[in-house]
Each structure stands twice: as C-alpha cells, then as structure tokens.
Amino acid sequence: MTRIALATGVTLNVVDEGPREGEAIILLHGFPESHRTWRAMVPDLARDFRVVAPDQRGFAGSDKPEGVEAYRTERILEDLVALADALGLKQFTLIGHDWGGAVAWLAALRHHDRVKRLVIVNSPHPLVFQESLIEDEAQRAASQYIRAFRNPAMEQGIAAMGLESFYEKTFGGHADLSLIPPEERQTYLDQWSAPGALTAMLNWYRASEMVVPAVGEDAALPAWVNLPFPKVTMPTLVVWGLRDTALLPVQLATLHEHVPDLRTAATAEAGHFIPWEYPDFVIAAIRDFIAETT
C-alpha cells in the first residue's frame with residue numbers, strides 16, 4: 001500500500017503490484033468497499049500486468065474531503081487522471097465495479113485517449129440507467145435505496161442500527177456472507193467506523209445528478225436524456241452477475257446502441273459483488289478480452 005498525493009488535492013491509498021513495465025490495469029471499487037473489492041483478483045492479474053487499485057476518495061484510508069460537491073463524479077474522475085499521471089501511465093485498461101464503474105464510464109467518454117480498454121462490472125451505463133429509473137418499474141423499485149442514502153438522516157439511522165446490522169443489510173441480500181472471511185468482515189467494520197467515513201461514502205450518492213423518483217411517482221425523463229449522447233469508442237467488456245437485485249438485467253438490453261465495440265460476459269451464478277463472489281469468472285473474462293484486443 002502506497003500513499004499518493006494527487007494534483008487534485010487529495011491523497012489516496014493505492015495498491016500498485018505487478019511488473020513496472022507491464023501493461024497497466026487500473027481497478028476502481030464501489031460502495032461501500034475499498035481496493036479489497038479486488039482481493040481475489042489482484043494476485044492473478046499482477047502476474048502479467050501492472051495492477052493499480054486505489055481506495056477512492058471518501059473510502060477506507062484515503063482522504064475524505066468535506067462537502068457533497070467534493071464527491072461529484074467529475075471530481076472523482078479528476079482523481080483517476082491525476083493518479084495515472086502520478087504513476088506515469090499514459091494508457092491503461094480501466095476496470096470499474098459499482099460506483100467505480102460509474103467513474104469508468106465517464107472516463108471512457110471523456111478520456112478515450114487514456115483508456116485503452118474498458119471493463120465494466122455490474123455498473124450501469126449512465127444513459128441506460130437514467131432511462132430505466134424513469135421507465136422501468138422494477139428498476140425504479142430496486143433503486144429506492146439511493147433515495148434512502150441521500151437522506152441527511154441516513155448516518156443517524158446507521159448508527160442506530162449499528163454497523164454490524166448495516167453490514168448484514170448491505171451484503172446479506174446480495175451475496176453469500178460465508179464468502180467473506182472474518183478478517184475481511186472486520187476490515188469493513190473498521191473502515192466504516194472511521195471519523196467521517198459514512199458521510200463521505202454516502203456523499204457519492206448525494207452528489208449524483210441521477211433522478212430517482214419514488215415508486216408510483218409521475219416522472220418525466222430529464223432533458224439531458226434527449227440530447228445527443230456520445231458513444232463509448234474503445235473495446236469494452238461488460239461483466240454481469242445476473243442475480244444482482246439492485247441493478248437488473250434491463251441495464252444490458254440496449255447497451256449495444258451506445259457501445260459499438262461491446263462484449264458481454266454474464267452469469268446467473270453471481271450477484272452484485274461478483275469480483276469476490278466469482279473472481280475466477282471475472283478474471284477469465286478479463287484475460288480473454290485483453291488477449292482478443294491486444
């Protein structure tokens with residue numbers, strides 16, 4: 001683990017493994033995790049690639065700037081570019097899960113000169129997601145947790161239930177808890193109990209401009225959805241655990257319209273946390289994808 005001070009003003013904890021001269025892979029985790037999302041994948045990938053896995057701002061041991069605006073996806077994208085610059089990585093394969101995938105989608109759209117390949121793991125394309133939040137009743141219902149996380153009283157609610165109950169609710173409905181070793185479970189609890197940790201993590205949701213109507217609410221598509229939207233131009237692999245109860249298979253239905261050079265690898269055996277539920281499946285898909293696009 002290395003502490004790297006970025007030009008954006010934040011310092012991140014970063015895992016940097018594998019051969020220095022190897023082709024670079026950057027791994028971006030999501031909520032409510034850390035670089036440990038990739039704990040079962042980094043050792044394998046680092047045999048052949050330079051693997052960089054930061055704790056993103058607001059998570060684990062990385063800086064937790066105050067204020068919701070500090071967690072806009074654009075600010076976090078700036079961290080990614082600054083991290084690549086600090087490490088001298090001109091191009092890289094970018095892999096993102098959950099909120100890390102949201103940052104990765106934006107990076108692919110805005111920095112196609114830096115992102116050589118894109119790998120998305122259970123993270124929706126922004127346009128497809130916003131459309132589904134308005135037009136798909138099941139996806140809207142599945143996304144009501146976002147409204148809860150945006151509630152200013154959420155931290156007090158978590159404190160009242162206790163971090164162990166929050167752990168059970170966060171992972172219990174999405175994965176087999178027996179897959180999380182006791183030491184990893186304790187790592188989650190320790191990270192979440194750090195001062196300001198819960199607010200920083202929740203601020204990712206509060207800073208998002210995604211419109212999430214209540215179930216049954218009469219809602220129209222935001223104006224930006226009807227504007228021309230750029231396509232993702234680099235080779236892209238989308239890996240999906242189909243048992244994901246928060247991000248439903250509707251997220252895959254129209255992806256090909258927005259990502260011309262698209263490959264998908266989906267399995268009904270895994271849910272949202274597929275990077276550590278079924279790491280071998282994800283690793284094999286990534287290795288095949290890189291070999292095919294080299």
Side-chain angles (χ1 to χ4, degrees), residues 1-39 41-46 48-67 69-121 123 126 187 191 194 196-197 200-201 203-204 207-208 232 234-237 275 282 286 290:
M1 180 74 71
T2 304
R3 295 276 291 171
I4 299 180
L6 303 182
T8 56
V10 300
T11 298
L12 303 184
N13 279 2
V14 182
V15 167
D16 186 358
E17 297 190 9
R20 300 300 88 176
E21 70 281 3
E23 186 171 349
I25 293 175
I26 299 180
L27 299 164
L28 300 179
H29 69 86
F31 180 94
E33 300 197 279
S34 69
H35 74 278
R36 300 297 299 164
T37 296
W38 315 103
R39 57 187 176 269
M41 295 175 51
V42 168
D44 182 283
L45 295 175
D48 301 292
F49 306 99
R50 182 177 182 180
V51 180
V52 177
D55 292 338
Q56 299 206 77
R57 70 162 67 191
F59 290 95
S62 291
D63 283 359
K64 301 170 178 60
E66 294 185 0
E69 287 297 311
Y71 296 90
R72 291 179 60 85
T73 309
E74 291 85 353
R75 300 289 79 74
I76 298 155
L77 173 58
E78 291 169 0
D79 288 347
L80 167 65
V81 174
L83 176 61
D85 289 345
L87 296 175
L89 306 178
K90 294 183 178 180
Q91 275 199 320
F92 45 87
T93 295
L94 182 59
I95 303 177
H97 172 250
D98 186 78
W99 263 112
V103 178
W105 280 118
L106 189 60
L109 290 166
R110 295 191 179 178
H111 295 282
H112 49 83
D113 58 324
R114 306 294 296 272
V115 181
K116 183 177 182 179
R117 304 179 192 86
L118 178 67
V119 180
I120 297 293
V121 186
S123 182
T187 295
Q191 290 173 348
M201 293 191 300
N203 277 347
W204 282 59
S208 169
V232 173
M234 69 283 298
T236 300
L237 168 67
V282 184
I286 291 170
I290 292 177

ring-ring contact (aromatic ring centres under 6.0 Å, His included) involving [X] - partner list, sequence neighbours excluded:
| X | value |
| --- | --- |
| Trp38 | none |
| His35 | none |
| Phe31 | Phe149, Tyr205 |

For a side-chain contact (heavy atoms from CB on, under 4.5 Å) with Met234, tell me which candidate from Leu94, Val115, Asp113 qualifies.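 Considering Leu94, Val115, Asp113, a side-chain contact (heavy atoms from CB on, under 4.5 Å) with Met234 is found only for Val115.
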
Pairwise side-chain contact, [X] with [Y], heavy-atom cut-off 4.5 Å (strictly under):
| X | Y | value |
| --- | --- | --- |
| Val15 | Val51 | no |
| His111 | Leu77 | yes |
| Val10 | Pro65 | yes |

How many angstroms lie between atom [atom1] of [X] and atom [atom2] of [Y], to the nearest 0.5 angstrom?
| X | Y | atom1 | atom2 | result |
| --- | --- | --- | --- | --- |
| His112 | Leu118 | NE2 | CG | 13.5 Å |
| Met41 | Ile25 | CE | CD1 | 8.0 Å |
| His29 | Asp55 | NE2 | CG | 5.0 Å |
| Glu33 | Thr187 | CD | OG1 | 11.5 Å |
| Ile290 | Leu45 | CD1 | CG | 7.0 Å |
| Thr37 | Ile95 | OG1 | CD1 | 12.5 Å |

Going by side chain to side chain donor-acceptor pair (under 3.5 Å), name the residues that satisfy it together with [X], two or more places apart in sequence or in a different chain.
| X | answer |
| --- | --- |
| Arg72 | Glu209 |
| Arg39 | none |
| Ser123 | none |
| Thr236 | none |

If you compare all heavy atoms of [X] against all heavy atoms of [Y], which two are closest, and at what distance to 0.1 Å?
| X | Y | answer |
| --- | --- | --- |
| Ile120 | Gly101 | CD1-O, 3.7 Å |
| Phe59 | Gly30 | CE2-O, 4.0 Å |
| Ile4 | Ala86 | CG2-CB, 4.1 Å |
| Pro54 | Leu27 | CD-O, 3.2 Å |
| Ala197 | Gln191 | CB-O, 3.3 Å |
| Ala102 | Thr73 | O-CG2, 4.2 Å |

Where does the angle between the aromatic ring planes of Trp204 and Trp99 fall among parallel (under 30°), tilted (30 to 60°) and perpendicular (over 60°)?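 Rings of Trp204 and Trp99: perpendicular, over 60°.
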
Could you check whether any side-chain N or O of Tyr71 sits under 3.5 Å from a backbone N or O of Ser208, counting only pairs where one atom can act as donor and the other as acceptor?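 Side chain of Tyr71 to backbone of Ser208: no pair is present.
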
Could you name each residue pair satisfying side chain to side chain donor-acceptor pair (under 3.5 Å) that touches residues 79-94, not counting sequence neighbours?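 For residues 79-94, and leaving out neighbouring residues, the side chain to side chain donor-acceptor pair (under 3.5 Å) pairs sorted by first residue read Thr8-Asp79, Arg57-Asp79, Asp85-Arg114, Thr93-Arg117.
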
Can you name the salt bridge (Lys or Arg N to Asp or Glu O under 4.0 Å) partners of [X], sequence neighbours left out?
| X | value |
| --- | --- |
| Glu78 | Arg75 |
| Lys64 | none |
| Asp16 | Arg20, Arg50 |

By side-chain contact (heavy atoms from CB on, under 4.5 Å), which residues pair with Arg3, not counting sequence neighbours?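 With sequence neighbours excluded, Arg3 shows a side-chain contact (heavy atoms from CB on, under 4.5 Å) to Thr11, Asn13, Asp63, given in chain and number order.
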
